[in-house]
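Report on one structure; see the data block that follows.
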2 protein chains.
Amino acid sequence: MSGRQTGRPTLEEVATRAGVGRGTVSRVINGSPRVSEQAKEAVERAVAELGYVPNRAARALAGNRTDAVALVVPETENRLFAEPYFLDIIRGVSAELADADMQLLLTLIRTDQERQRFEQYLAAQRVDGVLLVSVHRDDPLPDLVRALGLPAVLNGRRSENEPVAYVDSDNVGAGRSAVEHLAGRGRHRIATITGPLDMFAAQGRLDGYRQGLAAVGLPTDDRLVSTGDFTEEGGRRAMAELLERCPDLDAVFAASDLMAVGARAVLRARGREVPGDVALVGVDDSPVARHSDPPLTSVRQPIEEMGRRMARALLRQIAANGAGGSDVEEDGGEERPRLVLPTELIVRASS
Amino acid sequence: MSGRQTGRPTLEEVATRAGVGRGTVSRVINGSPRVSEQAKEAVERAVAELGYVPNRAARALAGNRTDAVALVVPETENRLFAEPYFLDIIRGVSAELADADMQLLLTLIRTDQERQRFEQYLAAQRVDGVLLVSVHRDDPLPDLVRALGLPAVLNGRRSENEPVAYVDSDNVGAGRSAVEHLAGRGRHRIATITGPLDMFAAQGRLDGYRQGLAAVGLPTDDRLVSTGDFTEEGGRRAMAELLERCPDLDAVFAASDLMAVGARAVLRARGREVPGDVALVGVDDSPVARHSDPPLTSVRQPIEEMGRRMARALLRQIAANGAGGSDVEEDGGEERPRLVLPTELIVRASS
DNA sequence: CGCTAGAGTGGGAGCGCTCCCAATCCTCCG
DNA sequence: CGGAGGATTGGGAGCGCTCCCACTCTAGCG
């Protein structure tokens with residue numbers, strides 16, 4: 001009955017109440033320095049009294065921006081990834097965006113139809129920037145985004161010289177440290193189960209594996225390398241293959257915890273003890289690693305931190321975009337960070 | 001150099017090209033029936049040729065809606081939940097929203113500050129509706145949302161007669177089926193580790209446990225009930241307590257997989273075999289359940305389906321809100337669904 | 001054959017904000 | 001003491017869309 005209808009106060013009302021003009025209120029709200037202390041106080045009081053909150057749609061329309069960024073997750077990939085990974089990314093991203101009062105739009109892309117819809121989204125200027133998770137080597141999405149002139153940051157990269165800004169973890173270091181650790185435990189025949197090699201992360205871990213072997217003076221042997229796909233089943237297949245080819249292996253570096261778990265199952269079925277006969281190291285430090293039997297040694301990535309950095313990098317791009325030319329961007333490239341964060345080996349009973 | 005600037009086509013341009021007025025284009029875009037077949041075709045052609053996509057901000061401003069809904073996740077809770085749970089909810093929600101061309105805004109609430117910011121969000125009409133995950137009994141957020149007159153749907157409920165629309169799983173049924181299964185395996189001293197009892201889901205599972213005992217003609221014994229908090233550590237503590245009080249127990253129904261895993265660790269440490277000495281059943285059918293040793297029998301909830309239903313229910317509320325009175329809503333309550341979806345027992349080696 | 005209903009249509013009037021220009025008021029300098 | 005220059009300020013002009021009020025044109029009715 002009383003009903004304050006849709007009655008949110010507007011900028012205009014705040015201005016009236018504060019006894020100033022619309023422009024001045026707008027300046028105060030947006031933190032412009034060109035406002036007298038006096039006016040600023042009056043406006044702030046009025047804002048508080050009225051409980052004024054700016055209307056986003058109006059702002060977006062007038063200011064030609066949205067204060068929102070999209071986090072894009074190709075769904076098929078996501079299934080493969082250790083799931084907590086994705087959640088941790090969200091955590092980091094969300095925290096950083098909240099501080100900047102930006103909205104987080106979550107977009108899962110499952111089908112081609114959804115992909116198209118998303119491309120329309122982008123075209124319709126519905127976000128100020130895009131965060132892309134789990135990109136494959138031949139994923140066209142990053143380029144599409146860039147073609148539209150939208151700020152973007154990838155999680156991971158597609159190749160060594162990724163043209164789009166990215167935040168990655170040190171996959172090479174991960175592989176190297178795992179191998180060095182295993183060698184330090186006295187293992188000599190160290191095998192590896194890789195991820196799908198069209199993912200740069202998988203390639204990096206493999207490179208790290210090789211570098212590690214070289215560093216500790218062990219020979220490389222291609223029979224000790226088997227390709228998986230980051231899934232448990234893939235880990236099983238790869239492990240079976242390895243055992244067949246090299247029955248004498250005494251350690252395995254699996255490029256994901258899930259594959260390590262699959263490998264462990266096969267080892268057990270074949271009567272090999274972990275870590276007695278074969279030491280095992282995974283990557284991700286996922287819950288599965290902690291709960292497997294024996295608990296799995298694993299290389300941890302700073303996932304949440306990656307999310308945070310991604311968001312930060314994106315915000316910086318967006319800010320630069322707005323400040324600089326409103327048109328095409330410079331090729332200065334100062335605002336196209338390539339971040340590689342260090343990983344950490346968590347030693348548990350499996351090695 | 002060519003640069004189509006920010007030059008997205010506008011409604012006006014489409015109208016010109018199609019040789020009709022703005023109003024007609026708007027009608028076609030929004031699927032109004034009051035348009036001649038001829039005009040409709042002309043507009044559709046112009047839209048296709050120009051690659052027109054409506055500007056959301058303008059639409060939101062003019063239409064007083066946003067075509068976006070928020071999915072709110074109190075972060076502290078989330079930690080407790082089996083993580084895939086949350087992802088599956090997102091999947092369901094996302095799929096359903098995408099079909100309705102609605103945006104999904106993800107909001108993690110960690111601190112009080114973020115909570116306040118979120119309340120401002122709501123007040124600022126930045127979303128058309130809200131989905132709330134993992135509500136505690138005394139959570140004020142649902143009521144706040146309703147006070148603002150915003151459509152809302154909860155995942156789970158705070159009490160038996162939850163005033164806000166919700167989608168829940170059949171927690172009572174979950175507890176009952178677990179107990180009946182264990183009894184069917186010949187167990188007579190069936191204990192339970194509950195979740196935090198200020199969560200209705202936890203209470204429901206406990207009720208189901210009791211109903212199950214009654215159904216199979218076993219006596220209830222409060223010493224066989226221990227309270228956990230859905231975490232692994234909580235499961236450990238509760239299990240230790242149970243063993244102390246009732247060394248003769250031969251089965252445990254844990255209200256979450258994580259607690260079941262904790263319980264298993266304690267059982268093993270105390271030299272009790274699973275399932276030989278003590279059978280174990282969890283809830284969630286999480287990856288942890290599949291990977292634990294032995295694989296854990298668990299009650300599965302249709303999580304993604306819950307997400308889907310939540311979204312659908314919310315969309316319906318939003319539609320009704322818009323269609324009906326634009327002001328206060330009727331008390332007809334037709335649009336306040338209370339959905340309880342069935343669960344399913346997945347039998348594995350632990351029981 | 002005039003008149004009344006629609007059906008279909010065009011376009012004015014905003015939605016609430018930002019941008020930006022012109023106006024005002026000081027202050028300081030020659 | 002006059003004028004230049006900077007600091008503040010008010011408010012017009014949109015941003016692209018929806019809402020809604022006429023208005024035109026038909027078809028059907030008595």
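Order of the sequence lines fixes the chain letters, A, B, ..., with proteins taken first and strands second; residue numbering starts at 1 for each chain.
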Taking OP1 and OP2 of D/dC15, is either one under 4.0 Å from a side-chain nitrogen or oxygen of B/N55? no
With a 4.0 Å cut-off on heavy atoms, is A/A15 in touch with a base, just the backbone sugar-phosphate, or nothing at all? nothing
Report the distance from atom CZ of B/R27 to atom C1' of D/dT18, rounded to the nearest whole Å. 10 Å
Integer-rounded Å distance: D/dA13 P and A/N64 CG: 21 Å
OP1 or OP2 of D/dT18 under 4.0 Å from side-chain N/O of B/S26: yes
Counting only side-chain nitrogens and oxygens, does B/T24 get under 4.0 Å of the OP1 or OP2 atom of C/dG10? yes
Rounded to whole Å, CZ of A/R56 lies from C1' of C/dC17 at a distance of 13 Å
Between P of C/dG8 and NZ of B/K40, the distance in whole Å: 12 Å
Between B/D88 and B/R91, is the salt bridge (Lys or Arg N to Asp or Glu O under 4.0 Å) condition met? List the steps. CA-CA 5 Å; B/D88 283 343; B/R91 269 197 199 99; 2.5 Å; yes
Under the 3.5 Å rule, do the base of D/dT18 and the side chain of B/R22 count as making a donor-acceptor pair? yes
DNA chain C: B/A62 or B/G21, which has the more 5' nearest nucleotide? B/G21
Consider only side-chain N and O atoms of A/R110 and B/S94, and report whether a donor and an acceptor are under 3.5 Å apart. yes
Does either side chain, that of B/Y166 or that of B/R157, offer a donor lying less than 3.5 Å from an acceptor on the other one? yes
Starting from P on C/dT9, measure out to CD1 on B/I29 and report it in whole angstrom. 15 Å
May I have the distance from B/Q38 (atom CD) to C/dG8 (atom C1'), rounded to whole angstrom? 11 Å
Give the rounded distance in Å between these two atoms: CG of B/L61 and P of D/dG14. 17 Å
Separation of C/dG12 C1' from B/L11 CG (nearest whole Å): 15 Å
Which comes earlier along DNA chain C counting from the 5' end, the contact point of B/E37 or that of B/G63, where each point is its nearest nucleotide? B/E37
Residue pair B/N30 / B/R59, side-chain donor-acceptor N/O under 3.5 Å: yes
Name the nucleic acid region contacted by B/A60, choosing base, sugar-phosphate or nothing; use a 4.0 angstrom heavy-atom cut-off, strictly under. nothing
The side chain of B/T10 is closest to which nucleotide in this list: D/dA7, D/dT18, D/dG16? D/dG16
C/dT9 OP1/OP2 closer than 4.0 Å to side-chain N/O of B/S36: yes
Quiz question: going by heavy-atom distance under 3.5 Å, is there a donor-acceptor pair between the base of D/dG16 and the side chain of B/R8? no
Are any non-hydrogen side-chain atoms of A/V130 and A/V72 less than 4.5 angstrom apart? yes
